Amino acid sequence: MCLALLVILLHCSSLKAREVFTINKVEIRADPSLQVPNGDALTILCIADISKSGNFMIEHHFTFFKDGRILSDITSLQNRTEYKIPAARFADTGEYVCMVKAKEKKKKSEVMLVKVTGLPKPKLTALKNMVTEGEELVLKCEVPEEAPPLTFTFQKLLTPGGPVTRTKKELEKNFTTIEIPVEPGDKILRFQCIASVYSAHGMQESAPSDVELVTVVEPFSTPALVIEPSLNVTEGDNVKLVCRVVVRNYDIEIIIQKDKVILNSTRGQNTLTYFTKVSMQDNGNYTCKVELGSVSKEKTVNMVVTELFSKPELIHSAKMIDEGDWLQLQCKVKGLLPVTKISIKTRYLGKDNLLNDSSSFITKAHVNNTATYICTAEINGIIKESDPVKINVYAPVSIPQLWIVPSVRDVILGRAIRFQCQSMYGTPPITYKFFRGNKTVNSSQIFNKLPAEFRDKPTEVGVEQYSCEASNHHSHIRKRSRELNITVIAPVGKVNLISVPKREVEDGKGISFRCYVETGSLPINFKLLKQNNRKPISEDTKMDTEVIWYKETWSKQDSGEYFCEASNPTNIVQRSDVISINVILASWQKVLIALFVLVIIVILGCGGCCWYLWKKRKAKHPSIEMSGSAGVTNSAGVKLEPRQNSDGQYYPGYMDDSENHMKATDENKGPEHEITEVEYTEVEVSTPDPHRDSGENRYSKIESCPDAT
């Protein structure tokens, strides 16, 4: 029992010493709600739910976050705390999180989204309450309670087309300023502004600001434009235009203009006058414009001018007249009053030359009468002129000349020929037509005195006839040139060279070369050349497509490669393929060489036989005894056996054959034969053999030569 109590007491003391706790949950709340109107108070509560092993105190560290940024750090012994926002603004909209840390333990709450709705009404201020037309008015709009970025919209109220708005963004300030020009005609200006803000959680817009009033002062009045004597006048009347304006001691500029043409102007005055005698060209709108800096005011009136007489009309017989025909001009004018003066003139480069001071003009046309004609009429000091009329007088063309450029006799087939055709006389523009035979090839119109150029490419060999024709606006004459005959020649085609005989010719004999072309105009120049030799061997000009050359005697030096060149008046040279000619020995030369070789062979053969027989005889000894063979001794006088040499060495079978031969001879002899037969002995002396001893020198073999006499 005592032991149990002791254990309990020890256990309780250990629990007190450890002070065990755990953070169960961290809760975050918004008071009064998650959506708060702009300007209301907002309280963020953070509550920690902690379990402890005993009744001991824990120090809590509360950290408030908004959109990941720390708002506040609070330390408390209580398990809850709060973060107060006295007046919530749109900038306070965001995601809030609370984190609680106790000793080494910490825990975060869930994310809480708080929205602040609306924006406070912005404040609009005009830096000046009274401005002059043309001035720049500075306006300032601000929202002091909000944080940037902000967008400000300025509105100009009560304008004819509705409010005029301008928008400006500010990223670092909660206010902005703009400059607005004061337009002419503005009296009292009314402005207001609106602020808006954009974020990831939405967009909010403020209510419009209070209206700001600005009074506009005119530097000068709208001008008044008066036309005297009236707005409806007649040609020839004297008219005065008067422009007046009321100013307040400003250096203004007054301008009177018709359309875009300035008629008169002044500076520093309040009145401007313009005088003129009106014509039909003065009919239209007139404007008086008053300007000061960027301020401009104007007044426009329309003046109607009644026509005193119509624009004169120049009547002509024709615009294109043949030289030699009559040129007739007449000026007609329609009007209520008689014409004071009428004239017919020519105009050149803006300068008028008087032809006649009457309403008509007639003359026989010449090319010099080509000009622009007008007529003028004057009534009551008003001068009017007719529309200009261009009259062209055409001289007939002369017979044109046709030639080739550059001048050549013959042209090459397939190559373009350049022709020029020109009429030395005739009024341009001149139209040239170019003919091949009777076929029109081309045409060209020339507006000056230069020749017309044509090109043609002949397609056939032979004589082509060309001509050209010239004409202009003369009504009758069309002239043609003489025919120009052109010889069209074709360059030589492929060149061929053959030889007879082919490739080889005997020394001393002749050879024929045939050079011919497949196409080409005559005459043709042929050249026979040897490779690497510029000088032709033969050259001929033929009225034919081929040529034959014959060279009688050829030698070894004439061997080589040959080719043929052909050309005609086109001066285009064509070359044949190269052929090889080899000069070989003549037949008689071959026979002579063969005979010579044969004689040498015979001589060498006979010499060899004689030498052989001579050598054979020299190797034999003369017969001492006709009936038999005598003993042979060596140098010491010792008699040798039949199969021994002088050194006593034996030669197998030698003497046996000799004895057999001798015996056969003796047996075949009869008594008569012994008497009548003359026996010749051939002695052959053998030369010493270098491979034997010096003592072995010679032996003899005898042979009978029957029938030898």
Side-chain angles (χ1 to χ4, degrees), residues 132-134 183-187 216-313 331-343 345 347 350-352 357 374-388:
T132 306
E133 290 177 338
E183 302 291 338
D186 289 338
K187 301 299 182 183
V216 180
V217 178
E218 282 186 313
F220 53 86
S221 65
T222 301
L225 180 60
V226 178
I227 298 178
E228 299 175 355
S230 69
L231 294 177
N232 296 317
V233 294
T234 304
E235 278 186 311
D237 290 349
N238 292 317
V239 174
K240 180 173 72 172
L241 283 80
V242 181
C243 181
R244 294 184 178 89
V245 64
V246 177
V247 298
R248 293 182 174 86
N249 299 324
Y250 289 106
D251 187 18
I252 62 171
E253 184 178 21
I254 305 176
I255 299 172
I256 295 178
Q257 64 185 55
K258 181 179 183 296
D259 299 327
K260 295 182 180 181
V261 179
I262 296 176
L263 303 177
N264 200 3
S265 65
T266 185
R267 182 179 290 276
Q269 303 294 324
N270 60 355
T271 303
L272 177 64
T273 304
Y274 173 70
F275 295 93
T276 184
K277 179 178 281 191
V278 296
S279 63
M280 288 304 296
Q281 288 78 10
D282 297 321
N283 200 17
N285 292 325
Y286 290 80
T287 301
C288 176
K289 184 182 291 185
V290 182
E291 294 179 339
L292 175 64
S294 62
V295 181
S296 177
K297 296 181 181 182
E298 60 185 44
K299 177 68 175 179
T300 301
V301 296
N302 181 263
M303 184 172 64
V304 179
V305 180
T306 303
E307 190 175 41
L308 181 62
F309 63 97
S310 65
K311 183 178 182 179
E313 181 184 4
C331 187
K332 287 189 175 181
V333 181
K334 294 179 181 179
L336 301 176
L337 299 177
V339 178
T340 306
K341 185 178 181 181
I342 191 167
S343 303
K345 304 175 182 179
R347 175 170 292 174
K351 184 179 180 181
D352 295 342
D357 259 338
I374 61 168
C375 75
T376 60
E378 181 180 349
I379 299 176
N380 198 19
I382 300 298
I383 299 174
K384 294 185 180 181
E385 68 177 36
S386 67
D387 292 329

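Keep in mind it's a predicted model, so treat the numbers as computed, not measured.
With values rounded to the nearest 0.5 angstrom, D357 atom CG is found 5.5 Å from K341 atom NZ. In this structure, CD on E253 lies 4.0 Å from CZ on R267, to the nearest 0.5 angstrom. The CD atom of E291 sits 11.0 Å away from atom CD1 of I254, with the distance rounded to the nearest 0.5 Å. With rounding to the nearest 0.5 angstrom, the OG1 atom of T276 is 8.5 Å from the CG atom of L241. Atom NZ of K258 and atom OH of Y286 lie 5.0 Å apart (nearest 0.5 Å). Rounding to the nearest 0.5 angstrom, the gap separating the CG atom in L263 from the OH atom in Y274 is 4.5 Å.
Looking only at distances, no side-chain donor or acceptor of T132 sits under 3.5 Å from a matching main-chain atom of P219. N264 contributes a side-chain N or O that, together with a main-chain N or O of T273, makes up a donor-acceptor pair within less than 3.5 Å. Side chain of K384 to backbone of F309: a donor-acceptor contact under 3.5 angstrom is found. Not one N or O on the side chain of S343 forms a donor-acceptor pair closer than 3.5 Å with the backbone of T376.
Closest of all the heavy-atom pairs between L272 and S265 is CD2-CA, 3.7 Å. Closest approach of P229 and V233 over heavy atoms only: CD-CG1, 4.4 Å. Shortest non-hydrogen contact noted between T222 and E298 is CG2-O, 4.1 Å. Of all non-hydrogen atoms in S279 and V305, the two that sit nearest each other are O-CG1, 3.5 Å. For P223 against C243, the heavy-atom pair with the smallest separation is CB-SG, 3.8 Å. Contact detail for C331 and P312: the closest heavy-atom pair is SG-CB, 3.8 Å.
The closest side-chain heavy-atom distance from K311 to D387 is below 4.5 Å. Looking at heavy atoms from C-beta onward, V216 lies in side-chain contact with E133 at the 4.5 angstrom threshold. For the pair N283/V304, a side-chain contact is recorded, criterion being any heavy-atom separation below 4.5 Å from C-beta on. Looking at heavy atoms from C-beta onward, E385 lies out of side-chain contact with K345 at the 4.5 angstrom threshold. Residues I382 and K277 have side chains in contact (heavy-atom distance under 4.5 Å, counting atoms from C-beta outward). S296 is listed as a side-chain neighbour of K289, based on a closest heavy-atom distance under 4.5 Å. At least one side-chain heavy atom of V242 sits under 4.5 Å from a side-chain heavy atom of T271. Side-chain contact between F220 and V295 is present, with heavy atoms from C-beta onward closer than 4.5 Å.
Looking at K297 and E218, a side-chain N of the basic residue comes within less than 4.0 Å of a carboxylate O on the acidic one, giving a salt bridge.
Atom NZ of K332 has 12 or fewer heavy atoms from other residues, nucleotides or ligands within 6.0 Å.
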